[in-house]
**Q** 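Here you go, one structure.
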Amino acid sequence: MGLDEVTAGIARACGRTGRDPAGVTLVAVSKVQPEERVRAVLRAGHRVFGENRVQEAEGRWTPLRGEFPDVRLHLVGPLQTNKARAAMGFFDAIHTVDRPKLARTLARLRDEGERCPDLFVQVNTGEEPQKAGVAPAEADALVAECRSLALPLVGLMCIPPAEEEPSPHFALLRKIAERNGLSGLSMGMSGDYDAAIGQGATHVRVGSAVFGAREA
Ligand SMILES: *Cc1c(COP(=O)(O)O)cnc(C)c1O
């Protein structure tokens, strides 16, 4: 199945660059996928999944978590502040902290007693107007703001422009992470996770290569 191929692909990419595959987390992005495909990947033993919408994730994973309590869920889609509390209660990691207002909301909810998941700041490396993420020139400031709020920031995330060679975007994300002393790099999807691993990805978000093509 796709899971085995992607796992092997991650091992190959690590081998090429002298990295330990244990340093790369495969986030299997299960958004929109039929439940039987998700169950097959669970039965194969995989436990880390990504979703892009809070409510869809709750609907699918609340029952599945009853059966597989060690599942870890990562939010990889945009987060509105009015869904922040639900997301904090449900996800183990949020990859899409993309603006100061969201960081302040997460910190306030944490102060009110919510557990805060691991956080990644999303950087819009291609500066695409339609895409979420902070501009590269503003990334340091958002990282600093997260730290001043004592949020559990673990790294950066990016989605390179669809029409461009992704490696320069991965390299830019790594450079911003390095100068900010962040070790987590959420980058690489079905088409480019091997290139991302070559540039230091610690989390690859892979959907269709694991589960098959998404039906719209
Ligand atoms: C859907 C999605 C993915 C997975 O995309 P594939 O091309 O199917 O691997 C990764 N990251 C984000 C943010 C996504 O929305």
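Both ligands and their constituent atoms are indexed starting at 1 by order of listing. One-based numbering along the sequence shown.
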**Q** Does E58 come within less than 4.0 Å of K83, counting only side-chain N to carboxylate O?
**A**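 Here E58 does not pair with K83 in a salt bridge, since their nearest N and O are not under 4.0 Å apart.
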**Q** Report yes or no: does R174 contribute a side-chain atom to a donor-acceptor pair with the main-chain N or O of G200 at less than 3.5 Å?
**A** no
**Q** When you measure from the side chain of N180 to the backbone N and O of L182, does any donor-acceptor pair fall under 3.5 Å?
**A**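 Answer holds: no.
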**Q** Only one of F90, W61, F68 clears ring-ring contact (aromatic ring centres under 6.0 Å, His included) with F49; which?
**A** W61
**Q** Quick one: do the T105 and T81 side chains pair a donor with an acceptor below 3.5 Å?
**A** no
**Q** Return yes if some donor-acceptor pair links the side-chain N/O of R205 with the main-chain N/O of H74 below 3.5 Å, else return no.
**A**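 It does not hold such a pair.
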**Q** Tabulated below should be the N or O atoms of ligand 1 paired with protein N or O atoms at under 3.5 Å; can you produce that?
**A**
from: ligand 1; atom 1: 8 (O); to: S208; atom 2: N; distance (Å): 2.8
from: ligand 1; atom 1: 8 (O); to: S208; atom 2: OG; distance (Å): 2.9
from: ligand 1; atom 1: 8 (O); to: R214; atom 2: NH1; distance (Å): 2.7
from: ligand 1; atom 1: 8 (O); to: R214; atom 2: NH2; distance (Å): 3.2
from: ligand 1; atom 1: 9 (O); to: S190; atom 2: N; distance (Å): 2.9
from: ligand 1; atom 1: 9 (O); to: S190; atom 2: OG; distance (Å): 2.5
from: ligand 1; atom 1: 9 (O); to: G207; atom 2: N; distance (Å): 2.8
from: ligand 1; atom 1: 11 (N); to: R205; atom 2: NE; distance (Å): 2.9
from: ligand 1; atom 1: 15 (O); to: K31; atom 2: NZ; distance (Å): 2.7

